[in-house]
Amino acid sequence: MDFSKEGITGRVGRMEQLAAIKRYAIEDGKGRGMRAFEVVNGSGFDFTVYPDRGLDIGPARYNGLPLTWTTRNGPVAPAFYDASGFEWLRTWAGGLLTTCGWLNVGGPCTTPEGAQGLHGRMDHTPAEEVNARAFWNAAGEYVLEVTGRIVLSRVFGENLATSRTITTRLGWPGVEVVDRTENLGAATMPLMQLYHMNFGWPLIGETTRLLAPPHDVVPRDAAAAKGVSEWDTFLPPTPNFAEQVFYHDLPADDNGFCTMRISNPAFGPDVALSFRKAELPNLVQWRMPGCGDYVMGLEPANCLAEDYNSMAAKGLLRRIEPGQVVATCIRLSLDT
């Protein structure tokens, strides 16, 4: 199909006939009042962005079928967030992208920056300066873009600002997320970044396989060690399954990107997840075929799925200096 400007001119009254960003607000339940942007790009791939949840991405679909896993919580407004302990689990909705960090990833702990709950505050922090636009770029592509700024700040503490750009384009079954995080404060701060991407049924099932170049795979703990030989497969829903977490050291291509693919002939096209290794050297895999908690997490990260203190003890804790900017890039696409 010809998606060029010349091929489309004269055939539609408005471009929204083919591709659009539709804005609305959730009106019921724990998500009431939350802003949502539904992005439709004419390829069969569409997704929903939540500005009030750190510009994270909720449900994503291909030809009407979900790619992602939704938790039993559903969408929850950030006002319900409790930063203590493991209470994050009461307001986490799953979806295509949950941003974890920036001061802690993994379990709750006490750090020099104060008490930190599970996976940090990024996913529950409303974005500011939010905008959405659709335009023809210089290459003749019709681009759909959502932008905004997420600020983690505390008096006498951190002042980290992340400018996020989410981009797709007409006819492309994919999305790119670029973050630029700047330390606006006067002190060096920890920077733990993990992009928690949550894939569910029917993409994930017994016929699912993960595909990647040869690389090292390390189990996080004894539970993961039991399944490390079958990290690239999945199971039917399994009662009382103990989650398994694996650490992947994927090789980068000539452009500096690593890629892992999700393949399931029962679903259709493969799904490819790529990320730039320089800033995100690790891929954390969360294998969880529990009943109702039936999810495969693929999580590009600059840390492991372990807390601040564990990373510091291992000498793996990354930091961001005053005035420093760290840019990350993640892409997801379908092979159609």
Side-chain angles (χ1 to χ4, degrees), residues 30-31 34 50-58 69-128 149-162 164 179 181 183 185 187-198 220-221 242-243 245 247 280 282 284 286 288 290 293 295 297 299-314 316-320 328:
K30 290 181 286 186
M34 269 178 53
Y50 293 134
D52 296 320
R53 293 292 300 261
L55 277 177
D56 277 345
I57 303 177
W69 174 67
T70 299
T71 75
R72 62 197 67 184
N73 300 323
V76 182
F80 289 94
Y81 175 52
D82 182 344
S84 62
F86 289 92
E87 291 301 291
W88 184 91
L89 294 171
R90 295 188 181 277
T91 50
W92 178 41
L96 184 63
L97 172 60
T98 301
T99 307
C100 299
W102 291 157
L103 300 187
N104 187 52
V105 164
C109 62
T110 300
T111 76
E113 285 72 39
Q116 308 293 333
L118 176 67
H119 284 329
R121 297 175 179 272
M122 279 292 290
D123 175 55
H124 289 80
T125 301
E128 55 192 57
R149 188 167 178 259
I150 306 99
V151 179
L152 295 180
S153 62
R154 182 171 66 91
V155 175
F156 308 129
E158 70 276 5
N159 191 10
L160 303 176
T162 297
R164 173 165 291 181
D179 282 350
T181 299
N183 184 355
T188 301
M189 298 302 298
L191 184 65
M192 298 182 69
Q193 298 178 295
L194 183 143
Y195 294 86
H196 207 303
M197 308 189 78
N198 311 284
R220 182 180 66 177
D221 51 26
E243 65 178 8
V245 175
Y247 300 140
L280 303 172
N282 307 307
V284 178
W286 178 41
M288 185 57 199
D293 300 317
V295 53
E299 306 160 12
N302 74 350
C303 56
L304 306 178
E306 301 171 22
D307 66 41
Y308 173 111
N309 293 320
S310 176
M311 290 293 94
K314 293 178 179 181
L316 299 176
L317 181 64
R318 291 203 175 191
R319 297 184 179 274
I320 184 168
T328 59

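Along the sequence shown, the residues carry numbers beginning at 1.
Annotation: the span from T162 atom OG1 to L191 atom CG amounts to 7.5 Å, rounded to 0.5 Å. Distance CG/D56 to OG1/T99: 3.5 Å, rounded to 0.5 Å. The distance from atom NE2 of H196 to atom CG of D123, rounded to the nearest 0.5 Å, is 10.0 Å. Taken from CG in N198 to OG1 in T98, the straight-line distance is 5.0 Å, to the nearest 0.5 Å. The CG atom of L160 sits 7.5 Å away from the OG1 atom of T181 when rounded to the nearest 0.5 Å.
The shortest side-chain heavy-atom distance between Y50 and L55 does not fall under the 4.5 Å cut-off. For the pair L96/M197, a side-chain contact is recorded, criterion being any heavy-atom separation below 4.5 Å from C-beta on. In this structure the side chain of T111 never reaches within 4.5 angstrom of the side chain of L103, judged on heavy atoms. Looking at V151 and E128, their side chains come closer than 4.5 Å, going by heavy atoms from C-beta outward. Using a 4.5 Å cut-off on side-chain heavy atoms (C-beta onward), D307 and Q116 make no contact. Looking at L97 and Y195, their side chains come closer than 4.5 Å, going by heavy atoms from C-beta outward. Side-chain contact between I150 and M122 is present, with at least one heavy-atom pair separated by less than 4.5 Å. A 4.5 Å side-chain heavy-atom check between V76 and H124 finds every atom pair outside the cut-off.
Across all non-hydrogen atoms, the minimal contact from C303 to Q193 is SG-O, 4.0 Å. R72 and D293 get closest at one heavy-atom pair: NH2-OD1, 2.8 Å. Between L194 and E299, the shortest heavy-atom distance links the atoms CD2-OE1, 3.6 Å. Across V284 and A301, no two heavy atoms sit closer than the pair CG2-CB, 4.4 Å. Contact record, N104 with C109: OD1-SG, 3.6 Å, taken as the closest heavy-atom pair. Taking each heavy atom of L317 and R319 in turn, the nearest pair found is CD2-NH2, 3.5 Å.
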In a table with atom names and distances, give each donor-acceptor pair under 3.5 Å that connects a side chain of residues 78-89 to protein atoms at least two apart or in another chain.
from : atom 1 : to   : atom 2 : distance (Å)
Y81  : OH     : G120 : O      : 3.3
D82  : OD1    : S84  : N      : 3.0
D82  : OD1    : S84  : OG     : 2.7
D82  : OD2    : S84  : OG     : 3.4
E87  : OE1    : R90  : NE     : 2.8

#### Entry: side-chain contact (heavy atoms from CB on, under 4.5 Å) assessment of W102 paired with I320
CA-CA 10 Å; W102 291 157; I320 184 168; over 6 Å; no

### Message
Could you go through L316 and E306, starting from their C-alpha distance and side-chain angles, then the distance that decides it, and tell me whether this counts as side-chain contact (heavy atoms from CB on, under 4.5 Å)?
### Response
CA-CA 11 Å; L316 299 176; E306 301 171 22; over 6 Å; no

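Using a 4.0 Å cut-off between charged side-chain N and carboxylate O, E113 and R154 make no salt bridge.
For R164, the CZ atom counts as densely surrounded, since its 6.0 Å shell holds more than 12 non-hydrogen atoms of other residues, nucleotides or ligands.
Separation of the H119 and W92 ring centroids does not fall under the 6.0 Å cut-off.
In this structure a side-chain-to-backbone donor-acceptor pair under 3.5 Å is present from N183 to A187.
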